[in-house]
Structure formats: C-alpha cells, structure tokens
Amino acid sequence: MSHLRWGTCGEEILAGTMARGEAEAFLRSVAQRVREVPLPFVPSLLVGADVAYGERQAVAAVVVWDLREGKVVWEETREGPVAAEYRPGLFFLREAPLVLPLLSRVPLDGWVALLHGHGMAHPLGAGLASVVGVLLGRPTVGCAGSLLCGRGGEPGEEKGSWSPVWWQGKRVGAFLRTRAGVKPLVVSVGHGLTLEEAVGLVHAASVYRFPEPLRLADALARKSLRAAAGGV
DNA sequence: GCGACAG
DNA sequence: ATCTTGTCGC
C-alpha cells in the first residue's frame, strides 16, 4: 500500500475490503501526503460531492458550481452498492467508493472540491476530504457539521467570522459562521490549499449553513436515490 | 474502565 | 445517514 493513487488502492477501497487496522494505516499514509499549501491557480469552480443512502443501494451526486456566475454548470449522479457501514473515523470507506469515480470524471478544470466530512481535522490527520484530495491529486476541503476531534473558540456572530480549531497543538481546521444565527460549520483542509483559502471559498459559496455546491449535491443525491429505489 | 464519536 | 408534515419562530 505504498503507492497512493486512484487505481492502485482504489480497488481495495471500492471493494470495501479494508479491515480497521488497514484502513487506519492507510489514513496515516494519506495524512503524510496531505499538503497545506497555497492553490496553484485561481479557482473559478467549486465541486460539491455527496451521497444519499438506501438499504443496499446508494447514489452519489456531484455538482459543479460557477463561483462567478453563482450557478450550477454541470452535474452527474452515480448509483452503486453501499460499500461499508458507517463507523466514526472511517467514514471514507462508506463515501469514497462512490465519490471518487464521479469526481475523476468531471469534464472541467480549475476546481476545488467540497466534501461533506472532515479533512485534516481527523484523529489520524486525514478524513474523507483528504483521502479524496490525495488520491485524485486535486485540492479539497472538508465541511462538517460537528467536530470529530479537537476544539476551538466560538466565532463572531456575523457571516464570514471564523476561529481556528486545534488538535494536539496543531491548527487543523476552523469554525466558520456561514450564516448569521446558525451553528458554525467545521471547515478543514482536505489537500492542496491553505485553511484561509478553504474558509474563503466556503464562505463565498454559502447562503445557508452548508455551501451551495454541497447543499445542492445533497438534494440531487436524495432525489436520484428516490427515483432509483423508490420508483420500483 | 468510561465516554465520545464526520455521515 | 434515515424514518417524516406540518409547524413554531426569526
């Protein structure tokens, strides 16, 4: 498991074959490869990816959001079997199998992906967003509704206000007020950009609590799941 | 040993 | 995450 590229270890992830020990070792490897560095380009698109689950089948949705126009310019869904049960800390085993194939097929460039979960703000230093970012070699950001580890101060009440989240002496994420009057979102670097850039992008695309690309991907995934499973 | 725990 | 309509509140 030395080479971390989509295609080499992707099969294992897709098969949901990884045992807890293997999965943790995998996450540590991903954590070593995570880079928190400035973006090498000015992003014009944000890609939101999310998955809706049925009993055995699940549907992933990807929505490409044009930051300048403030609208969806492309979207796609993919149905597949539920790869694994949910276990805190190993969420990627459940979500990545369906999200990776979809993201690798986005026909546009210059984007940063938003994942529903954590990036570096993870006990092992790499959550779903980091796994996706490192395997695809693309910048990713983790957006979660609550902490998995670490702690941080309450940000100001106005939209855009944020405060750092700390874990074991390191700054691993931020509490971002994406909308006045709502519980702050936990934003963390998945891979390939700085926390300041991640926070700025999420803030720029937020109207409600979760940024538009993610909110729309969530809605599309559910709608597609009902059409696929409920239509029978 | 006990509690906490992304979605 | 999911089971689920209307409803209370800013």
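Keep in mind that what you see is a predicted model, and the values were worked out from it rather than measured. In what follows, chains carry the letters A, B, and so on, assigned in the order in which the sequence lines appear, proteins first and then strands, with residues in each chain numbered from 1.
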For DNA chain C, the dot-bracket notation using Watson-Crick and G-U wobble pairs below 3.5 Å, [ ] for pseudoknot-type crossings and | for other-strand pairs, is ..........

Reading nucleotides 5-10 of chain C 5' to 3', which nucleotides get B (base under 4.0 Å from a protein heavy atom), which S (sugar-phosphate only), which -?
-> ------

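- Put simply, the side chain of A/Arg87 never gets that close to the backbone of A/Ala84: no donor and acceptor are under 3.5 Å apart.
- Across all strands, A/Ala52 comes closer than 4.0 Å only to sugar-phosphate atoms, never to a base (heavy-atom distances).
- Note on A/Asp218 versus A/Lys223: no salt bridge recorded, every NZ/NE/NH1/NH2 to OD/OE distance being 4.0 Å or above.
- No donor-acceptor pair closer than 3.5 Å links the side chain of A/Glu69 to the backbone N or O of A/Asp66.
- Under the 4.5 angstrom side-chain criterion for Ile, Leu, Val, Met, Phe, Trp and Tyr, the cluster partners of A/Trp167 are A/Leu147, A/Val165, A/Val172, A/Phe175, A/Val186.
- Following rounding to the nearest Å, A/Arg226 (CZ) and C/dT2 (C1') show an atom-to-atom distance of 11 Å.
- Side-chain atoms of A/His122 come within 3.5 Å of backbone atoms of A/Gly89 as a donor-acceptor pair (strictly under, hydrogens ignored).
- Counting only Watson-Crick and G-U wobble pairs whose two key distances fall under 3.5 Å, DNA chain B forms no stem of three or more pairs.
- Residue-environment remark: CD (A/Glu158) exceeds the threshold of 12 foreign heavy atoms within 6.0 Å.
- Surrounding CZ of A/Phe41 are more than 12 heavy atoms belonging to other residues, nucleotides or ligands, all under 6.0 Å away.
- When side chains are defined from C-beta on, A/Val59 does not count as touching A/Val51, because their heavy atoms never get closer than 4.5 Å.
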Report, one pair per line, the protein and nucleotides 4-7 of chain B atoms (nitrogen or oxygen only) whose separation is under 3.5 Å.
residue, atom, partner, partner atom, Å
B/dA6, OP2, A/Tyr86, OH, 2.7
B/dA6, O4', A/His118, NE2, 3.4
B/dA6, N7, A/Gly89, N, 3.1
B/dA6, N6, A/Gly89, O, 3.1
B/dA6, N6, A/Phe91, N, 3.2
B/dA6, N6, A/His122, NE2, 3.4
B/dA6, N1, A/Leu128, N, 3.2
B/dA6, N3, A/His118, N, 2.8
B/dG7, OP1, A/Gly145, N, 2.7

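- Under the 4.0 Å criterion applied to side-chain N and carboxylate O atoms, A/Arg171 and A/Glu196 are assigned as salt-bridge partners.
- One N or O on the side chain of A/Ser104 and one on the backbone of A/Leu100 form a donor-acceptor pair closer than 3.5 Å.
- Between A/Glu85 atom CD and C/dT2 atom C1' there is a gap of 12 Å when expressed in whole angstrom units.
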Criterion side-chain hydrogen bond (donor to acceptor under 3.5 Å, both in side chains) on A/Tyr53 and A/Glu95, from CA distance to verdict = CA-CA 10 Å; A/Tyr53 299 89; A/Glu95 199 102 342; 2.6 Å; yes

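- A centroid separation of 6.0 Å or more is found between the aromatic rings of A/Phe91 and A/His118.
- Applying the side chain to side chain donor-acceptor pair (under 3.5 Å) rule to A/Glu154 yields the partners A/Arg177; only residues at least two apart in sequence or on another chain are considered.
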